[in-house]
J.: 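Have a look at the structure that comes next, please.
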Amino acid sequence: MDKILSKIPPFEPGSVWLVGAGPGDAGLLTLYAYEALRQADVLVYDALVGQDILELTGPGTILEYAGKRGGKPSPKQNDITERLIALAREGKRVIRLKGGDPYIFGRGGEEALTLAAHNIPFRVIPGISSGVGGLAYAGIPLTHRETNSAVTFLTGHDASGEVPDVNWEYIAKGSPVIVVYMGVRHIRSITERLIRHGRSQDESVAIVFRATTKDQKIVVSTLANAAQDVEKSNLKPPALIVIGEVVKLRPDLDWFDRYLASEIED
Ligand code: SAH
């Protein structure tokens with residue numbers, strides 16, 4: 001391990017590393033992310049990043065929160081990127097830490113483009129996206145030879161907060177497995193659209209809350225009942241909605257839930 005860590009490129013003062021923190025479980029950080037956390041002068045982080053990951057920073061790292069707090073609106077995207085630029089220009093080693101992977105529904109692309117436009121040196125450290133790692137912990141393989149050769153990642157709302165204006169018919173007909181990020185608020189209209197475009201009302205759906213953490217909870221339902229079942233569960237996002245036959249493999253593959261249950265018994 002030391003051999004690998006010694007080969008990690010130096011974190012130069014005045015640069016920004018856009019780092020994926022993974023879905024929650026600190027063990028899912030990459031070695032690059034771990035090393036960067038220990039070296040950073042300033043860490044600008046999002047709401048989805050857990051405390052145990054933040055605690056991996058070195059003693060001198062300053063932590064700056066860039067998400068929503070206490071009902072206050074979140075800082076504007078521009079303000080966050082401006083802040084990254086200002087810190088880099090002060091000669092700091094800056095980490096912009098994001099949940100999951102920075103380039104999957106994380107606005108990492110926008111931030112990187114602005115850094116590039118301002119000639120700030122940057123590096124992107126990919127993370128395990130919740131739609132990949134979270135599903136593994138939920139006991140749901142994203143692809144499975146007998147059920148699907150394709151998968152679609154979808155966001156449940158666009159920049160204006162509405163259900164995105166995608167071609168729902170193509171998605172319903174073309175993608176046997178659909179993973180929806182940020183979709184709980186609009187779960188009723190999402191499931192209705194898929195049914196309207198030909199998906200079976202009885203198709204399996206799993207809603208995976210707080211995947212990979214000790215609070216992971218999963219609601220298993222059908223397209224017709226998912227919205228109602230989520231409401232009844234009283235569980236709160238972050239959550240992923242998984243639609244497709246792969247959900248049916250869960251009873252045999254829910255290793256993490258079994259592990260959590262055994263922890264509670266001990
Ligand atoms: N870049 C992130 C996604 C950011 S969008 C990634 O790659 O995972 C935020 C959405 O991600 C949440 O609304 C939720 O749908 C999903 N998400 C992130 N972490 C999650 C977790 N631990 N459990 C369930 N969903 C999660």
Side-chain angles (χ1 to χ4, degrees), residues 18-30 32-34 37 45-54 56 66-68 74 95-111 124-144 148 150-158 163-164 166 171 175 177-187 190-191 204-221 226 230 233 235-244 246-247 249-250 253-257 259-260:
L18 212 55
V19 177
D25 185 343
L28 297 177
L29 283 171
T30 60
Y32 274 30
Y34 175 69
L37 284 168
Y45 66 100
D46 270 350
L48 284 175
V49 179
Q51 190 58 34
D52 47 351
I53 290 178
L54 299 178
L56 294 173
K68 261 186 204 144
S74 51
I95 292 193
R96 173 71 173 115
L97 189 65
K98 291 176 163 285
D101 180 86
Y103 278 177
I104 299 193
F105 302 129
R107 298 195 173 188
E110 290 162 56
E111 292 180 16
V124 181
I125 313 293
I128 298 182
S129 188
S130 55
V132 179
L135 263 59
Y137 275 53
I140 303 172
L142 250 184
T143 70
H144 189 63
N148 65 310
V151 57
T152 295
F153 289 149
L154 193 70
T155 170
H157 63 79
D158 62 15
V163 175
V166 292
I171 287 181
S175 187
V177 171
I178 305 165
V179 179
V180 189
Y181 291 67
M182 299 178 275
V184 170
R185 189 148 51 96
H186 293 312
I187 187 166
I190 291 167
T191 49
S204 294
V205 176
I207 303 91
V208 183
F209 293 86
R210 302 198 174 274
T212 80
T213 75
K214 63 177 184 8
D215 301 319
Q216 172 172 298
K217 294 273 173 339
I218 295 157
V219 173
V220 176
S221 182
V230 163
S233 77
L235 295 166
K236 299 282 171 269
L240 296 150
I241 306 169
V242 189
I243 298 144
V246 283
V247 170
L249 301 170
R250 199 182 113 71
L253 303 181
D254 62 344
W255 62 273
F256 186 62
D257 282 359
Y259 161 76
L260 286 178

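Note that these values count all heavy atoms, side chains included, but never hydrogens, waters or copies made by symmetry.
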J.: Quick one: does Arg96's side chain get under 4.5 Å of Glu111's, heavy atoms only?
T.: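 SC-SC contact between Arg96 and Glu111 confirmed.
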
J.: CZ of Phe209 to CG of Asp215: how many Å apart, nearest 0.5 Å?
T.: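 It comes to 12.5 Å.
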
J.: Distance check, rounded to the nearest 0.5 Å: Leu56 atom CG versus Leu29 atom CG?
T.: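 That separation rounds to 6.5 Å.
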
J.: May I ask you to decide if Val208's main-chain N or O and Gln216's side chain share a donor-acceptor pair within less than 3.5 Å?
T.: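 Not confirmed, Gln216 side chain does not pair with Val208 backbone.
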
J.: Is any side-chain heavy atom of Asp46 closer than 4.5 Å to a side-chain heavy atom of Leu97?
T.: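 Not in contact.
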
J.: Around Tyr103, counting heavy atoms of other residues, nucleotides and ligands shown, do more than 12 lie under 6.0 Å from its OH?
T.: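 More than 12 heavy atoms, drawn from other residues, nucleotides or ligands, come within 6.0 Å of this atom.
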
J.: Just wondering, do Val132 and Asp101 contact through their side chains at under 4.5 Å, heavy atoms?
T.: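 Heavy-atom side-chain distance check fails, nothing below 4.5 Å.
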
J.: Val247 versus Val205: any side-chain heavy-atom pair under 4.5 Å?
T.: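 The answer is no, as the side chains (C-beta and beyond) never meet within the 4.5 Å cut-off.
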
J.: Determine the minimum heavy-atom distance between Ala26 and Ile53, stating which atoms define it.
T.: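 Heavy-atom minimum between the residues: CB-CG1, 3.7 Å.
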
J.: Would Val166 and Leu154 count as a side chain to side chain contact (heavy atoms under 4.5 Å, CB included) if you check the C-alpha gap in whole Å, the side-chain angles of each, and the deciding distance to 0.1 Å?
T.: CA-CA 9 Å; Val166 292; Leu154 193 70; 4.2 Å; yes

J.: Report the C-alpha distance between Thr152 and Val179 in whole Å, list the side-chain angles of each, state the deciding distance to 0.1 Å, and finish with yes or no for side chain to side chain contact (heavy atoms under 4.5 Å, CB included).
T.: CA-CA 6 Å; Thr152 295; Val179 179; over 6 Å; no

J.: Give, for atom OG of Ser130 and atom CE of Met182, the distance between the pair rounded to the nearest 0.5 Å.
T.: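 The OG atom of Ser130 sits 9.0 Å away from the CE atom of Met182.
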
J.: Evaluate the side chain to side chain contact (heavy atoms under 4.5 Å, CB included) criterion for residues Leu142 and Val246: first the C-alpha distance (whole Å), next the side-chain angles of each, then the deciding distance (0.1 Å), finally the verdict.
T.: CA-CA 7 Å; Leu142 250 184; Val246 283; over 6 Å; no

J.: Answer yes or no: is there a donor N or O on one side and an acceptor on the other, between the side chain of Thr155 and the main chain of Asp158, under 3.5 Å?
T.: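 No; judged by distance alone, with no hydrogens or angles, the pair does not exist.
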
J.: Check this for me, if you would: do Arg250 and Asp257 make a salt bridge, where the nitrogen-to-carboxylate-oxygen distance has to be below 4.0 angstrom?
T.: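 Looking at Asp257 together with Arg250, the answer is yes, because their closest N to O distance falls below 4.0 Å.
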
J.: Taking all heavy atoms of Gly139 and all of Pro141, pick out the closest pair and write down the distance.
T.: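 Taking Gly139 first and Pro141 second, the nearest heavy atoms are O-CD, 3.9 Å.
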
J.: Decide yes or no on side chain to side chain contact (heavy atoms under 4.5 Å, CB included) for Leu240 and Phe153, but give the supporting numbers first.
T.: CA-CA 10 Å; Leu240 296 150; Phe153 289 149; over 6 Å; no

J.: Would the distance check show the side chain of Thr212 and the main-chain N or O of Asp25 forming a donor-acceptor pair, the cut-off being under 3.5 Å?
T.: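 A pair under 3.5 Å: yes.
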
J.: Are any of the side-chain heavy atoms of Leu135 and Val242 separated by less than 4.5 Å?
T.: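 Result yes, sub-4.5 Å side-chain heavy-atom pair found.
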
J.: Would you name the heavy atoms of Gly156 and Pro164 that are closest together and state the gap between them?
T.: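 Of all heavy-atom pairs spanning Gly156 and Pro164, the closest is O-CD, 3.5 Å.
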
J.: Would you say that Leu48 contacts Pro238 through its side chain, given a criterion of any heavy-atom pair below 4.5 Å between the two side chains?
T.: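 Result yes, sub-4.5 Å side-chain heavy-atom pair found.
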
J.: With a 4.5 Å limit on heavy-atom distance, are the side chains of Lys98 and Val19 in contact?
T.: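 A side-chain contact is absent here, since even the closest heavy-atom pair is not under 4.5 Å.
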
J.: Keeping Trp255 on the side-chain end and Ala138 on the backbone end, is there a donor-acceptor pair under 3.5 Å?
T.: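 The answer is no, because no donor-acceptor pair under 3.5 Å joins these two groups.
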
J.: Provide the closest heavy-atom pair for Val151 versus Ser175 in the form atom of the first, atom of the second, distance.
T.: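 Closest approach of Val151 to Ser175: C-OG, 3.7 Å.
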
J.: State, to 0.1 Å, how close Pro126 and Pro102 come at their nearest heavy-atom pair, and which atoms those are.
T.: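 Nearest pair, atom of Pro126 first, then Pro102: CA-CD, 4.2 Å.
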
J.: Contact between Leu28 and Pro23 at the side-chain level, heavy atoms closer than 4.5 Å - yes or no?
T.: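 Yes. Closest side-chain heavy atoms under 4.5 Å.
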
J.: I need the minimum non-hydrogen distance between Gly183 and Ile190, along with the two atoms involved.
T.: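 So the minimum-distance heavy-atom pair works out to O-CD1, 3.8 Å.
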
J.: Hey, what do you get for CD1 (Ile140) to CG (Asp254), rounding to the nearest 0.5 Å?
T.: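 Spacing of CD1 (Ile140) from CG (Asp254) equals 10.0 Å.
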
J.: Got a second to check how far Ser221's OG is from Ile187's CD1, nearest 0.5 Å?
T.: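 So the gap between those two atoms works out to 7.5 Å.
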
J.: Please round to the nearest 0.5 Å and tell me the distance separating atom OH of Tyr181 and atom CD1 of Ile241.
T.: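 Atom-to-atom, Tyr181:OH and Ile241:CD1 are 12.5 Å apart.
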
